[in-house]
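For reference, the structure discussed in these notes is given below.
Keep in mind the model is a prediction, meaning the values are calculated, not measured. Along the sequence shown, the residues carry numbers beginning at 1. Order of appearance sets the numbers: ligands from 1, and atoms from 1 within every ligand.
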Amino acid sequence: MKRRNFVKNAALGSTGILVGTSTLSCAEKSEKQQEKTVSKISLPVVVATWNVPNATAKAWEVLQSGKSALDAVEHGVMIEEADPNNQSVGYAGLPDRDGHVTLDACIMNKDGDYGAVLYMQDIKHPIAVARKVMEDTPHVILAGEGAKQFALESGFKAEDLLTEKSKKDWEAWKVKSEYKPIINIENHDTIGMLAIDSNGDIAGACTTSGLAYKMAGRVGDSPIIGSGLFIDNEIGGAVATGLGEEVLKTVGSFLIVELMRQGRSPQEACVEAIGRIVNKKASNYKDFQVGYIAINKQGEVGYYSIHSGFSMTQFQDGKNENLAADYFNKT
Ligand code: SD4
C-alpha cells in the first residue's frame with residue numbers, strides 16, 4: 001500500500017479512531033509495521049506558534065461548534081490580530097522604519113486553495129481579507145493599496161493600527177535606528193496556526209506585522225505559500241515564524257510537508273528544515289531565530305527552532321498547553 005493511501009486510511013474519522021488493520025494483507029501488514037504508526041488519533045487538534053492560549057481556545061471553540069478547520073484557524077488567529085498587547089500581529093503591530101504598520105497574512109484550506117494579502121495597511125484582520133481573496137477573487141495574492149481597496153469593498157473598515165505603545169517603541173528605536181532582527185519578541189510573534197477538524201481535514205493560517213522596523217515595502221515569508229505556510233490535506237501542514245528571509249530562501253513549510261510525504265515524522269521534518277538554514281556555508285544563524293511547527297494527518301505534531309525560547313500552543317483532548325520547543329543552538 002502506498003504511504004499516501006495508508007495515511008488516508010489511517011486518518012479517516014473522528015476522536016479516538018483506531019488505525020484499521022483487519023483488511024490488510026500480510027505484505028501490507030509488514031509494510032505497515034515499518035511505518036511509524038500511531039495507534040490512535042485524537043481529533044480535533046489545534047496547534048499554533050508561540051504562547052497563544054486564547055487563540056487556540058477560540059479555534060477549539062469553533063471546531064466544537066461543528067465548523068471546519070478553515071473557520072477555526074481564521075477565527076483563532078483573529079484573536080491575536082485584535083490584541084493590543086501583541087505587537088507582532090495586526091492591530092498594535094510594530095511599524096516599519098517609516099512608522100507604517102504593514103500586514104502580511106495567508107490562509108490555506110483542505111483543497112489546497114490559498115489566499116494572501118501582502119503589505120496591507122489600516123485593516124485589522126488581514127487573515128479575514130486573505131480568506132476573501134481565496135474565496136471571492138480569481139487571484140491568490142493582493143498587495144498594498146489593492147489589498148486595502150479590496151478589503152474596504154468587502155466591508156472591512158479602515159483604522160489606524162499604530163497604538164501609542166508601538167509608536168513610542170518605534171520612536172525609541174529611531175534614536176539609534178539600528179536594524180537587527182530581534183530573537184523571540186516577548187514570546188508571541190508571528191502567529192501561525194494549523195488545525196485538523198473532526199472530519200480529518202486540515203487548514204492553516206499565518207498572520208504578522210513582519211519584522212519590526214523593516215524597510216518600507218519589505219514582505220517576509222508569512223504570506224508566501226510554501227514558505228510561511230503550506231497545507232496538503234493528504235499529508236499534513238507546516239507553518240513558520242522568525243526571520244522570513246531565511247525561511248523564504250529554503251521554502252521551509254513546503255519542505256517540511258514534502259519530507260513528511262517521504263515518511264519523516266513532523267518532528268524529524270522540522271529538524272531537517274532548520275538544518276537547511278543553519279548548515280548553509282555562510283549561515284549566521286546565531287543572529288536570528290526561526291521556528292517551525294508541523295502536523296501530519298494522524299495528528300502527530302513537531303516543533304523545533306534554532307534558538308531556545310520558541311514554543312507552541314497545542315489544544316487537543318480538551319487540554320490547552322504551551323510547550324517549549326527543542327532547539328539547535330545548545331552552545
Ligand atoms: C517575517 N516571519 O515577516 C515574519 C516575522 C516573524 O518572528 O515571524 N518574526 O519575516
Subject >> Atoms of ligand 1, numbered as shown, that sit under 4.0 Å from any heavy atom of Gly210 >> reply: 3 (O)

Subject >> Phe328 and Tyr285 aromatic centres sub-6.0 Å >> reply: yes

Subject >> Non-hydrogen atom of Arg218 closer than 4.0 Å to ligand 1 >> reply: yes

**OP:** Decide whether Lys297 and Asn233 meet the rule of one side-chain donor and one side-chain acceptor closer than 3.5 Å.
**Re:** yes

Original post:
Is the count of non-hydrogen atoms from other residues, nucleotides or ligands lying under 6.0 Å from Lys176 atom NZ greater than 12?
Top reply: no

Subject >> Numbered atoms and elements of ligand 1 in range of Thr241, under 4.0 angstrom, heavy atoms >> reply: 7 (O), 8 (O)

Original post:
Who gets closest to atom 4 (C) of ligand 1 by heavy atom: Pro223, Gly242, Gly291?
Top reply: Gly242

**OP:** Output the rest of the hydrophobic cluster of Phe156: all Ile, Leu, Val, Met, Phe, Trp and Tyr residues reachable through side-chain heavy-atom contacts under 4.5 Å, sorted by chain and number.
**Re:** Val117, Met120, Ile123, Val129, Val133, Leu142, Phe150, Leu152

Subject >> Best match, Asp104, Asp189, Thr190: closest heavy atom to atom 8 (O) of ligand 1 >> reply: Thr190

Original post:
Looking at Thr190, Asp189, Thr241, which hits side-chain hydrogen bond (donor to acceptor under 3.5 Å, both in side chains) with Trp50?
Top reply: Thr241

Original post:
Under 3.5 Å between some N or O of ligand 1 and some N or O of Gly244?
Top reply: yes

**OP:** State the atoms of ligand 1, each with its element, that fall below the 4.0 Å cut-off from a heavy-atom position in Ser222.
**Re:** 2 (N), 4 (C)

Original post:
Asp221 heavy atoms, cut-off 4.0 Å: which ligand 1 atoms fall inside?
Top reply: 1 (C), 2 (N), 4 (C), 10 (O)

**OP:** Please name all residues satisfying salt bridge (Lys or Arg N to Asp or Glu O under 4.0 Å) with Glu145, sequence neighbours left out, ordered by chain then number.
**Re:** none

